Structure formats: C-alpha cells, structure tokens
Amino acid sequence: MNRVIRLAAAALAALAATSAPAQIKVNISIATGPTGGVYYPLGGGLANVLSKYIPGLSANSEATAGSVANLQLMGTKKSDVAFTMADAAWDGFKGQGKFTGNAVPLRALMVAYPNRMHVVSVEGRGINTMADLKGKRVSTGAPNSATEVMAFRVAEAFGLDPDKDFRRERLTPEKSADAIKDNKLDAFFWVGGLPTAAVTDLGATPGTKLKLVDHADAVDKMNQKYGQLYIRDTIPGKTYPGQDAANQIATVWNLIVVRADMPDQLAYDIVKTIFDKKDELILVHGEARNFDLKYQKQSASPVPYHPGAAKYFAEKGVKLN
C-alpha cells in the first residue's frame, strides 16, 4: 500500500508540474554608450549580473551614442534602463534643450559614478589652454551624446562658440583618438569614467605625448546658467600613459535611470542586485567601486528616485532628501 501511495503522489506531482504555468520571463534592454567609453562595458556587465541573479529576467545591453540617445530610446520605450549624465537626464525630465516638447518620464535607480570631462590633445598641436582650441580641428562628441551637450557648455564658459570657433567634428572617443593619430584632428571633448579606453589607447601610442587641457574654471559659469549640476574635480596624474600632472576639470554625476512605469518590485530587485553583486561589476570596470550608498541623495540626482529604488535605500538607512 505504501508503494501505491508513493506512486500516486509521484504521478500527481508530475501532473502538477506539467500543468503549472511556465515562469513569466521579463526581457529588458539597457542603453549604454560608445564602445570606447565606460558605459559600454559596465552596461554589458550589468546585463550579465541581472540576468544571472534575478529569476525570470533576461537583460541585454546595446551600444549607443550616449546619454541623449539613451534618453530618446527610453522615451520611445525601446530601452528600459539607461546610463546617463545628470545634466542630460535633467533636460530629458524637464523636456528642455534637445528634449523640448518631448519630456521623458524618468526616474533614477541610483547615482552611479562621477563622469569627468576630458579635453584631449597631444603635444605638437599647439594646444595648452582652452583658448588655444580656437581655429583647431576639434570633436565635440558624437551626435546625441551628453558629451556634446557638456562640451558646448564648457566652451561657452570660456567664450568659445564651437560652431564658429572650431573646425568641428562630431566623433565618438575611439574615432576621435584614431583621427588624432592620423593627424586629422587636433583635440576632442569626452566626458566619461576613469580610465576611458580610447584615451588610454591614444596615450599609449608610440611617438605620442598626451595633453589634457585644464578647464575647471568653467564650472562656476556653467552652474550659474544651468543649475548646480557640475563640480570642480581632477583627473589624477598617471591616470593615462604620458599624463604627468593632475588635470583640473569639470565633473558631472552619472545616473542609472528607468522609466516611471517600471514595476516597483523590478526596480527594487535591480538596485539590490547591483549593490549585492558590486564586486562582480568592479571586475568589469573599476568605476563600479563608486557604486556607493553614501552618494545616494536627491541633491546628486536632479530627477526623482523610483519608488522601488527608494524602498531599497530606505531599508539600508539612506535618507535621499
């Protein structure tokens, strides 16, 4: 009799397993940035970590032109999660600048890491100060990138008009570095994490001596016009090959954002996984070391936090306001 009962129980279990609905699969897309930057590898690492540790979730990452393009993808619901600079996120949230008439319903998951503006040249091009950029061949970043937005603001603070004062190109960092090597470009703007692969590659090129141009004096004027989004910062000496001295720069925070309609539980799970598995993300890129609870505050993110993210931070004792 016991054997019959065991067989019947096994049969019922098998029937239940075959008739139970399959686990719901959720697919999300993560918008990153150009392949020579930091968003791209970090976004790929994030997709892998989320897919590995959140049951039922499949995440993929895609290369893009950067922040502005990412927010446009969010606005058309072609991406679900995005890396973005805080200044571009504010424009998207408010429907201003490149987003005039097309506000994006954004919410912040977290403040990620500081994004440093690089004004990159090499010795022999006659560029030692921002004023020396006048008349030179300069890339202000790829179209629909936040580099382009911030480059214009830095230049403006020094009395430069990129459309009139530069022979302007609009290239990704990797294409900019290649163009400098080929003597087709004199300098380029790039805002990204440390180190950025394209700048490292340029500095390591034989016969080339990297030159990073100081521009921290732009910060006060930028904040007066655009809000308290920027801070004075430095790129430490030796960050890049051939970079002997610290570079005085403007910095803006990076955010990881989602649309306001993301379910609270999913937003919570994503943030929790990022912090729980931070060590795995550090292996992808060192900037993940800056994923820190102490940076989570509304003053660092101009857009509101998603309720799911806010719940996680509250559990960790973080006061966002």
Side-chain angles (χ1 to χ4, degrees), residues 29-48 60-74 79 81-89 92 98 110-121 138-154 169-181 185 187-205 210 212 230 233 235-236 239-241 243 247 249-257 281-291:
S29 175
I30 302 172
T32 64
T35 56
V38 176
Y39 286 178
Y40 179 74
L42 264 182
L46 178 58
N48 290 336
N60 65 81
S61 63
E62 57 182 315
T64 70
S67 297
V68 174
N70 293 352
L71 298 174
Q72 291 170 341
L73 289 168
M74 297 278 282
S79 289
V81 179
F83 287 78
T84 178
M85 285 162 47
D87 50 1
K98 290 182 178 290
M110 60 178 288
V111 174
Y113 63 93
N115 226 21
R116 280 87 166 197
M117 174 56 81
H118 300 58
V119 182
V120 183
S121 187
V138 181
S139 172
T140 53
N144 292 329
S145 68
T147 293
E148 190 172 54
V149 173
M150 191 170 172
F152 270 63
R153 293 179 181 183
V154 170
E169 301 289 345
R170 304 173 76 192
L171 305 174
T172 62
E174 60 273 16
K175 290 183 178 179
S176 294
D178 288 342
I180 286 184
K181 293 180 202 175
L185 194 72
F188 67 93
F189 288 80
W190 163 250
V191 60
L194 300 180
T196 288
V199 183
T200 298
D201 176 65
L202 179 61
T205 302
L210 196 69
L212 299 181
Y230 305 100
D233 201 358
I235 297 176
T239 297
Y240 295 106
Q243 180 210 350
N247 179 213
I249 63 160
T251 282
V252 65
W253 280 103
N254 284 307
L255 311 176
I256 300 177
V257 298
L281 293 170
I282 291 172
L283 294 176
V284 175
H285 197 285
E287 282 289 7
R289 292 188 182 91
N290 287 303
F291 293 0

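Keep in mind that this is a model prediction, so the values were computed, not measured.
Considering CZ of Arg170 and OG1 of Thr147, their distance stands at 12.0 Å, rounded to 0.5 Å. Between atom CD1 of residue Ile249 and atom CG of residue Asp233 there is a gap of 4.5 Å, rounded to the nearest 0.5 Å. Between the CE atom of Met85 and the OH atom of Tyr230 there is a distance of 6.0 Å, given to the nearest 0.5 Å. Atoms CH2 and CG, on Trp190 and Leu202 in that order, are 14.0 Å from each other to the nearest 0.5 Å. The CZ atom of Arg116 sits 8.0 Å away from atom OG1 of Thr239, with the distance rounded to the nearest 0.5 Å. Annotation: the span from Asn254 atom CG to Phe291 atom CZ amounts to 8.5 Å, rounded to 0.5 Å.
Considering all non-hydrogen atoms of both residues, Val257 and Met74 come closest at O-CE, 3.7 Å. Closest of all the heavy-atom pairs between Ser176 and Leu185 is O-CD2, 3.7 Å. Shown here for Thr64 and Ala31, the closest heavy-atom pair between the two residues is CG2-CB, 4.2 Å. Considering all non-hydrogen atoms of both residues, Ile235 and Met117 come closest at CD1-O, 4.1 Å. When all heavy atoms of Ala177 and Ala198 are compared, the closest pair comes out as CB-O, 3.7 Å. Closest approach of Met150 to Asp87, counting heavy atoms only: CB-OD2, 4.1 Å.
Checked against side chain to side chain contact (heavy atoms under 4.5 Å, CB included), Ala89 has the following partners two or more places apart in sequence or in another chain: Thr84, Leu106, Leu255, Val303. Thr32 meets the side chain to side chain contact (heavy atoms under 4.5 Å, CB included) test with Ile30, Tyr39, Tyr40, Ser61; sequence neighbours excluded. Partners of Phe152 under the ring pair (Phe, Tyr, Trp, His ring centres under 6.0 Å) rule, at least two apart in sequence or in another chain, do not exist in this structure. Every residue meeting the side chain to side chain contact (heavy atoms under 4.5 Å, CB included) condition with Ala142, not counting sequence neighbours, appears here in chain and number order: Ala65, Ser145, Thr172. Applying the side chain to side chain contact (heavy atoms under 4.5 Å, CB included) criterion to Asn48, with sequence neighbours excluded, gives no partner residue.
Screening residues 194-204 for salt bridge (Lys or Arg N to Asp or Glu O under 4.0 Å), with sequence neighbours left out, gives Lys181-Asp201.
Put simply, the side chain of Thr196 reaches to within 4.5 Å of the side chain of Val38, judged on heavy atoms. For the pair Asn115/Trp253, no side-chain contact is recorded, criterion being any heavy-atom separation below 4.5 Å from C-beta on. Counting only heavy atoms from C-beta outward, the side chains of Ser79 and Asn70 never approach each other to under 4.5 Å.
A side-chain donor from one of His118 and Tyr240 sits under 3.5 Å from a side-chain acceptor of the other.
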**Request:** Please lay out, stage by stage, how Val138 and Phe188 fare under the test side chain to side chain contact (heavy atoms under 4.5 Å, CB included).
**Result:** CA-CA 5 Å; Val138 181; Phe188 67 93; 5.7 Å; no
**Request:** Test Lys98 against Glu148 for side chain to side chain contact (heavy atoms under 4.5 Å, CB included), laying out the working first.
**Result:** CA-CA 11 Å; Lys98 290 182 178 290; Glu148 190 172 54; 3.6 Å; yes
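In terms of modelled atom types and a separation under 3.5 Å, the side chain of Glu287 and the main chain of Leu42 share no donor-acceptor contact. Listed for the Glu174 side chain is no donor-acceptor partner under 3.5 Å among the backbone atoms of Gly37.
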